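Notes for the one structure printed next.
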Protein chains: 2
Amino acid sequence: MKKITMANVAEHAGVSKSTVSQYLNERFHYMSEDTKIRIELAIKELGYSPNSIARSLRQKRTSTIGVIVSNILHDFSTQVVRAIEDICNENSFHVIICNADDDPDKEKRYIEMLQAKQVDGLIVFPTSDNTELFQELIAAHYPLVFVDRVIEGVAVDVILTDNESALRLAVDSLVERGYKEISLITAPLIEHITPRGERKDGFYKAMNEQQITIREDLVHSVQLEEVQSVLSQMLADEVPPTALIAGNDRILQEILKQVQARGISIPNELAVLGIDDVRFAEFFNPPLTTVAQPTYEIGKKAAEILLHKIKEAHTNLDHQIYRLHPELKLRASI
Amino acid sequence: MKKITMANVAEHAGVSKSTVSQYLNERFHYMSEDTKIRIELAIKELGYSPNSIARSLRQKRTSTIGVIVSNILHDFSTQVVRAIEDICNENSFHVIICNADDDPDKEKRYIEMLQAKQVDGLIVFPTSDNTELFQELIAAHYPLVFVDRVIEGVAVDVILTDNESALRLAVDSLVERGYKEISLITAPLIEHITPRGERKDGFYKAMNEQQITIREDLVHSVQLEEVQSVLSQMLADEVPPTALIAGNDRILQEILKQVQARGISIPNELAVLGIDDVRFAEFFNPPLTTVAQPTYEIGKKAAEILLHKIKEAHTNLDHQIYRLHPELKLRASI
DNA sequence: CTGAAAGCGCTTACAG
DNA sequence: CTGAAAGCGCTTACAG
């Protein structure tokens, strides 16, 4: 079966390619009913389907956007992506998803790949090492939106959780219940990744507001692999923490592994509160109290802003940081 | 910033477009060192990046494959997709992922969209209502591979878990531990979806081999929303089940919700075994025994077969069903 | 109301 | 060793 092209349809219907093209693009202004029917029939009989590659080349747009997530293993990413897809579907846009695995080189290659594929715009959960590349894109008025992370020196719209609020919700709900020896474990700060820093800052602020003494030995920013040992160490302390805040879903999982292995009873022996409303929170034993990020809203907003930029003839360079509000999911682990 | 094209580079370097194209495609056979350097420089100075849309139009291939998953909410899908991406990356292929949400219409639209985008091949977790469309693709020698589901009348390679083995592993491990009142809950069979049917068949076979009487009132194929009521009903029975097999990850979650709500103790009051090694199995309380599908191997095999077909000049129509072996993850819930 | 022609940015056989 | 020319399958201004 050879590929059927517009030329074949035109010939079969006895009209010109231009007319077929008009038909496909629903520009029926002056088209006679007869022509319309003949083209419709020809398309059906030949089983024609248009080549959008050719169309994109000519039109210089692809109706496709690219999404580069920093790490697809976080539930946060999948949920945000889901929302982006919904909004794009509604607007007849397609989405290509790439996973940078928190690797700036991979991120760079994906940006180049997506540019080569002529996507109309980009939503990125950025790493912090491609600042220059991002600046170039912005200088070229290329539609770009960041999610989750603010990069210094990159003047672009960013949509993220209000991380300080998230930690205030967490700390306040623990303090209300009388917890004082509160520990926070986040991923490493060295990489200057926004949520981590903001969550730590938020933690300090909220603790101060509650006038709880912060014990520096209970605040850790470590790699996933180190969570276990940091935790063992803290639990072996003379005055161990009575409550634990997990900075994200994967840290929470590490914590729960140890809780399980040691048979620690939640919340009697240790209260556990996670940032990110993991899927198993509801039916875990006990059900886990979490702070849910507004993932759907973040994805929705990011897609809406990006599509708006794409539709504008000339993207203006205004930009803004949108902090969306998290929600406490009070369950039984604190 | 205007888009730089190959013509600009050629002019800047003082050579023809053909030569630039040769350079980009690393056909250096006869190219003088001088020319090479001039082109290299021109590319850098102008910040040129090739337009792969134009390239694809000319070459009639995109080095991109499409993947249509039946339902992205299953961990199974994400894991298989991850493997597909890895293999494609290694082979410089790109992947466009679409989620059909178990909706044949959506599936059809995605197939058409991906065809329009001229993807070089398709990996599909098929619904059973687009038989004709699939047959057309095959008749046209279009590279196609199915994952997870066999569709009657569609002669194509299928990669899936050996579902009968999966249920034999499940049943045998329960029987070994003395369980006799074993219940199975799967998703509805009406849709003729392979794993569901095979798992049920596998259950019957394994139970017979073990010479355990099958109680039909403990075998259910129901919608996700009905899992709760079916379960309540069974547990209220005079002789309630002592062990429960969840046909997939989402059914398992429904079961665990009820277990949690009623404070049922696992495995003392009820043993629970899930098909699909969910991420929380390891640190759940108690850790959950599961049968893990060989997700990575399935994705890898599917991608390898598809890429092989794409590289063959003329796809032959041989086809085969590959059943890959599942693995029992023995933990503490049985 | 419809068609001929140019052009999107590449690649590739062919000529020299 | 390099270039001129044709063509991939569309869209679009323009002419009639």
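In what follows, chains are A, B, ... by sequence order, proteins preceding strands, each numbered from 1. Scope of the values below: all heavy atoms of this structure, side chains included, with no hydrogens, waters or symmetry mates. The structure presented is a predicted model; accordingly, all values stated were derived computationally and were not measured.
For the residue pair B/Glu107 / B/Thr127, a side-chain donor-acceptor distance below 3.5 Å is found, with atom types taken as modelled.
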Trace of the salt bridge (Lys or Arg N to Asp or Glu O under 4.0 Å) decision for B/Glu304 with B/Lys300 = CA-CA 6 Å; B/Glu304 284 169 352; B/Lys300 184 165 182 273; 3.3 Å; yes

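Partners of A/Thr64 under the side-chain contact (heavy atoms from CB on, under 4.5 Å) rule, at least two apart in sequence or in another chain, are A/Thr62, A/His94, A/Ile96, A/Val119, B/Lys117. When the side-chain contact (heavy atoms from CB on, under 4.5 Å) test is applied to A/Thr35, the partners found at least two apart in sequence or on another chain are A/Val15, A/Thr19, A/Met31, A/Ser32, A/Ile39. The side-chain contact (heavy atoms from CB on, under 4.5 Å) check on B/Ser18 picks up B/Ser16, with sequence neighbours excluded. Remark: A/Arg82 pairs with A/Glu85, A/Asp86, B/Ile72, B/Leu73, B/Asn99, B/Asp101 by the side-chain contact (heavy atoms from CB on, under 4.5 Å) rule, at least two apart or across chains.
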For DNA chain D, the dot-bracket pattern of Watson-Crick and G-U pairs whose distances stay under 3.5 Å, | for other-strand partners | |||.||||||||.|||

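Residue contacts for B/Ser56: at a heavy-atom cut-off of 4.0 Å it reaches no nucleic acid atom on any strand shown.
For the pair B/Asp34 and B/Arg38, the salt-bridge criterion is met [side-chain N within less than 4.0 Å of a carboxylate O]. For B/Glu33 and B/Lys36, the salt-bridge test passes: some basic side-chain N is under 4.0 Å from an acidic carboxylate O.
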Quick one, give me the B/S/- string for nucleotides 9-16 of chain D, reading 5' to 3', where B means a protein heavy atom under 4.0 Å from the base and S means that only happens at the primed atoms, P, OP1 or OP2.
-> BBBB----

